[in-house]
Asker: 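This is the structure I want to talk about, given as C-alpha cells.
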Number of protein chains: 2
Amino acid sequence: MIQDFSQQRRLIQCFAFLRDGGEALRETFFAQAKVATLPADHIICRDGGQCSQLALVLAGTARVYKLGENGREITLYRVEAGQSCVVTASCILSRRPFPAFAICETEVEAAVVSQADVQRWLTSSSYWRDFIFAQVAERIGEVFSVLDAVLFQPLDRRLAALLLHRARRSPQDAATSRILQVTHQELAVELGSSREVVTRLLRDFEKTGALLTGRGQIELLDPSILEAR
Amino acid sequence: MIQDFSQQRRLIQCFAFLRDGGEALRETFFAQAKVATLPADHIICRDGGQCSQLALVLAGTARVYKLGENGREITLYRVEAGQSCVVTASCILSRRPFPAFAICETEVEAAVVSQADVQRWLTSSSYWRDFIFAQVAERIGEVFSVLDAVLFQPLDRRLAALLLHRARRSPQDAATSRILQVTHQELAVELGSSREVVTRLLRDFEKTGALLTGRGQIELLDPSILEAR
DNA sequence: TTATCGCTTGTGACAATGTCACAGAGCGCA
DNA sequence: TGCGCTCTGTGACATTGTCACAAGCGATAA
C-alpha cells in the first residue's frame with residue numbers, strides 16, 4: 001500500500017500509464033504496490049533464479065548482465081527511472097528462471113508489484129498492457145543490438161561509441177564533461193571484452209591524440225577522431 | 001475465417017490454448033484467423049521492418065537470424081509447429097521495427113492473426129495470455145543463451161554440441177542418424193562464425209577420429225569425443 | 001563423352017581479440 | 001615511511017576472423 005501523496009505523485013510522474021490509465025488503475029496500483037529501497041550493489045536476481053515480483057524503478061539504476069564461466073561479463077541493458085525489467089515480468093508470468101544477473105548499480109528505489117497483480121492488470125488495463133509490451137519490445141531490441149555489436153562490430157568502434165555515449169550523458173558542465181571517471185575494467189565489462197584489450201585500444205587512441213588516460217579517468221581531447229570509427 | 005474442420009482440428013492439436021481456452025476463444029479465433037502457406041526461402045520479415053500480423057506455425061519451420069555488415073550471420077532461434085514468433089508480437093503491440101530477419105526454412109503453414117486480435121484476446125483470455133508470455137520468455141531465454149555461447153563458450157565446444165544436437169534430432173533410423181547432411185557454411189551460420197573456421201575445426205575433429213567429412217555430409221564415428229568438449 | 005559451371009572444401013598468411021603471467025604505478029592509510 | 005590495494009602496462013601465446021586463391025565434386029548442357 002502506497003499512501004504517501006508525494007510518493008504517489010512521483011510514481012505518476014515517472015510512469016505514464018499511471019497518469020493516463022484512469023482512476024481505477026491508480027487506486028488498485030497504490031493499494032497493492034509497495035515502495036522498496038535497495039542499496040547499491042544489492043543483487044536483485046541471479047542467473048537461473050526465480051523472480052516473484054516486478055519492480056518499477058523510481059530512482060537509481062539497475063544493471064542486467066551475463067556472466068561467463070571465465071569471469072568475463074557483459075552488460076545487456078540498464079533499468080532506469082520510469083522503466084521496469086520486464087524480462088522479469090515474462091519470467092514471472094511463465095514461471096521460468098531469469099536468464100541473467102541483475103544488480104543495483106546505485107541505490108534503487110522501486111515500486112514492487114506481485115505476480116498476481118501484474119497478471120490481473122493485463123486483463124483490466126490497456127495502459128498497463130501497453131506499458132508492459134513496450135518494455136518487452138525495448139529490452140528485446142537492446143539485447144539484439146548487443147548481440148549484433150558483439151558479433152559484427154569491431155571492438156575499437158564499439159569502444160569509441162561507448163566513450164562518446166558516456167561523454168554525452170555525463171551530467172556535469174561542458175568543461176568537465178570531457179573527463180570520464182571510469183576504469184578500463186568497467187569499460188571491458190560494458191563491452192563484454194577483457195581489460196587488457198581495452199587498455200591496448202585506449203593506448204592506440206591516445207597515440208592518435210583522441211584522448212588522454214589517467215588512473216581511473218579518461219579525458220577526451222578530440223571526439224571527432226572517435227566519431228570517425 | 002477458418003471453416004475447414006480438419007484445419008481446425010490440426011490447430012487445436014498444435015496449440016493447447018485453443019484446446020483449453022474454451023469455446024468462446026476457439027470461435028473467435030476461427031472467425032478471425034486465416035491459414036496461409038509460405039514457400040521455402042520466403043522472407044517473412046527484414047531487419048528493421050514492420051510486422052502487422054502474428055503467425056502461429058502449423059507446419060514447417062522458420063528461422064530468425066541476425067545479419068552483419070560483413071555478410072556473416074547467426075541463427076537466433078527457430079519457430080516450429082505449435083510455436084509463434086512472439087518477438088513479432090511484441091513489435092506489433094509496441095509498433096517497433098523487428099530487430100532481425102525471419103525466413104522460411106521449409107514450406108511453412110501458419111495461422112495468421114491481426115494485431116487487433118492479438119491485443120483483444122490478451123484481455124479476454126488468460127490462456128492466450130499465458131501462451132504469449134510463455135513464448136516471449138522462451139525466446140528471450142534462447143537469445144540470451146546464444147549471447148552467452150557467443151561470448152563465453154569456445155567454438156569447438158559449440159560446434160561439437162551443434163553436431164550432437166543435429167544427430168539427436170535427425171528423424172532417420174539409427175544407422176543413418178550418424179550421417180548429417182549439412183555443409184560447413186550452414187554450420188558456420190548457426191554458430192555465427194565463418195566457414196573457414198568451421199572447416200578447420202572439423203579437420204581437427206576428423207584427426208581425432210570423432211567424425212568423417214564428405215561433400216555436404218558429416219559422419220559421426222565417435223560421439224563421445226564430441227561430448228567431451 | 002566432354003566441357004562447363006556452381007557449389008563446396010582446403011589452405012596459408014595475416015589481423016583482431018582473448019588469455020595468462022607478471023611487473024610497476026598510483027593512492028589511501030596505518 | 002612503508003604497506004596493501006586497485007589500476008594500468010606489456011609480452012607471449014592461443015583462438016577466431018578475414019582474405020585470397022586453388023582444387024574437388026557433381027549436375028547439366030553441348
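Below, chains carry the letters A, B, ... as their sequence lines are ordered, and counting in each starts from 1.
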Asker: When the distance from CZ of B:R203 to C1' of C:dG12 is rounded to whole Å, what number comes out?
Answerer: 10 Å
Asker: Specify the separation, in whole Å, of atom NZ of B:K207 and atom C1' of C:dT11.
Answerer: 11 Å
Asker: What residues from residues 148-164 of chain A pass a heavy-atom cutoff of under 4.0 Å to DNA chain C?
Answerer: A:P154, A:L155
Asker: Say whether B:E105 and B:T61, considering side chains only, have a donor N or O and an acceptor N or O under 3.5 Å apart.
Answerer: yes
Asker: Whole angstrom is fine here: how far is it from CD in B:Q181 over to P in D:dG26?
Answerer: 12 Å
Asker: Of all residues at least two apart in sequence or in a different chain, which pass the salt bridge (charged side-chain N to carboxylate O under 4.0 Å, His left out) check with B:E138?
Answerer: A:R96
Asker: Can you tabulate the close N/O pairs, meaning under 3.5 Å, that link protein atoms to atoms of nucleotides 25-29 of chain C?
Answerer:
{"residue": "C:dG26", "atom": "N2", "partner": "A:R215", "partner atom": "NH2", "Å": "3.3"}

Asker: Going by the rule salt bridge (charged side-chain N to carboxylate O under 4.0 Å, His left out), which residues pair with A:E190 if we only count those two or more places apart in sequence or in a different chain?
Answerer: A:R78
Asker: Taking CZ from B:R72 and C1' from D:dT18, how many angstroms apart are they, rounded to a whole number?
Answerer: 9 Å
Asker: How many Å lie between CD on B:Q217 and P on C:dT8, as a whole number?
Answerer: 14 Å
Asker: Tell me: CD of A:E206 to C1' of D:dT10, nearest whole Å?
Answerer: 15 Å
Asker: Does A:H184 put a side-chain nitrogen or oxygen below 4.0 Å from OP1 or OP2 of D:dT8?
Answerer: yes
Asker: Does anything in residues 38-53 of chain B pair up under side-chain hydrogen bond (donor to acceptor under 3.5 Å, both in side chains), and if so which pairs, sequence neighbours excluded?
Answerer: B:D47-B:K66
Asker: Answer yes or no: does a side-chain N or O of B:N70 lie under 4.0 Å from OP1 or OP2 of D:dG17?
Answerer: no
Asker: Considering residues at least two apart in sequence or located in another chain, which fulfil the ring pair (Phe, Tyr, Trp, His ring centres under 6.0 Å) criterion with A:F15?
Answerer: A:F17, A:F131
Asker: Base, sugar-phosphate alone, or nothing: which one does B:G214 contact when heavy atoms must sit under 4.0 Å apart?
Answerer: sugar-phosphate
Asker: Among residues at least two apart in sequence or on other chains, which ones pass ring pair (Phe, Tyr, Trp, His ring centres under 6.0 Å) with B:F101?
Answerer: B:Y65
Asker: Figure out the CG/C1' separation between A:L201 and D:dG9, and round it to whole Å.
Answerer: 14 Å
Asker: Compile the donor-acceptor pairs under 3.5 Å between side chains in residues 152-164 of chain A and protein atoms, sequence neighbours left out, one pair per line.
Answerer:
{"residue": "A:Q153", "atom": "OE1", "partner": "A:R157", "partner atom": "NH1", "Å": "3.2"}
{"residue": "A:D156", "atom": "OD2", "partner": "A:R229", "partner atom": "NH1", "Å": "2.5"}
{"residue": "A:R157", "atom": "NH1", "partner": "B:E69", "partner atom": "OE2", "Å": "3.4"}
{"residue": "A:R158", "atom": "NH2", "partner": "A:L191", "partner atom": "O", "Å": "2.6"}

Asker: Could you pull out all residues at least two apart from A:E73 that satisfy side-chain hydrogen bond (donor to acceptor under 3.5 Å, both in side chains)?
Answerer: A:R63
Asker: Is there any ring-ring contact (aromatic ring centres under 6.0 Å, His included) pair reaching into residues 210-229 of chain B, and which pairs are they, with sequence neighbours excluded?
Answerer: none
Asker: Can you give each donor-acceptor pair under 3.5 Å made by side-chain atoms of residues 85-92 of chain B, sequence neighbours left out, with the distance rounded to 0.1 Å?
Answerer:
{"residue": "B:T88", "atom": "OG1", "partner": "B:C85", "partner atom": "O", "Å": "2.9"}
{"residue": "B:S90", "atom": "OG", "partner": "B:V87", "partner atom": "O", "Å": "3.0"}

Asker: Is there a donor-acceptor contact under 3.5 Å linking the side chains of B:E206 and B:T213?
Answerer: yes
Asker: Taking only N and O in the side chain of A:R200, is any of them less than 4.0 Å away from OP1 or OP2 of D:dG11?
Answerer: no
Asker: In residues 185-199 of chain B, which ones come under 4.0 Å of DNA chain D, going by heavy atoms?
Answerer: B:S193, B:S194, B:E196, B:V197
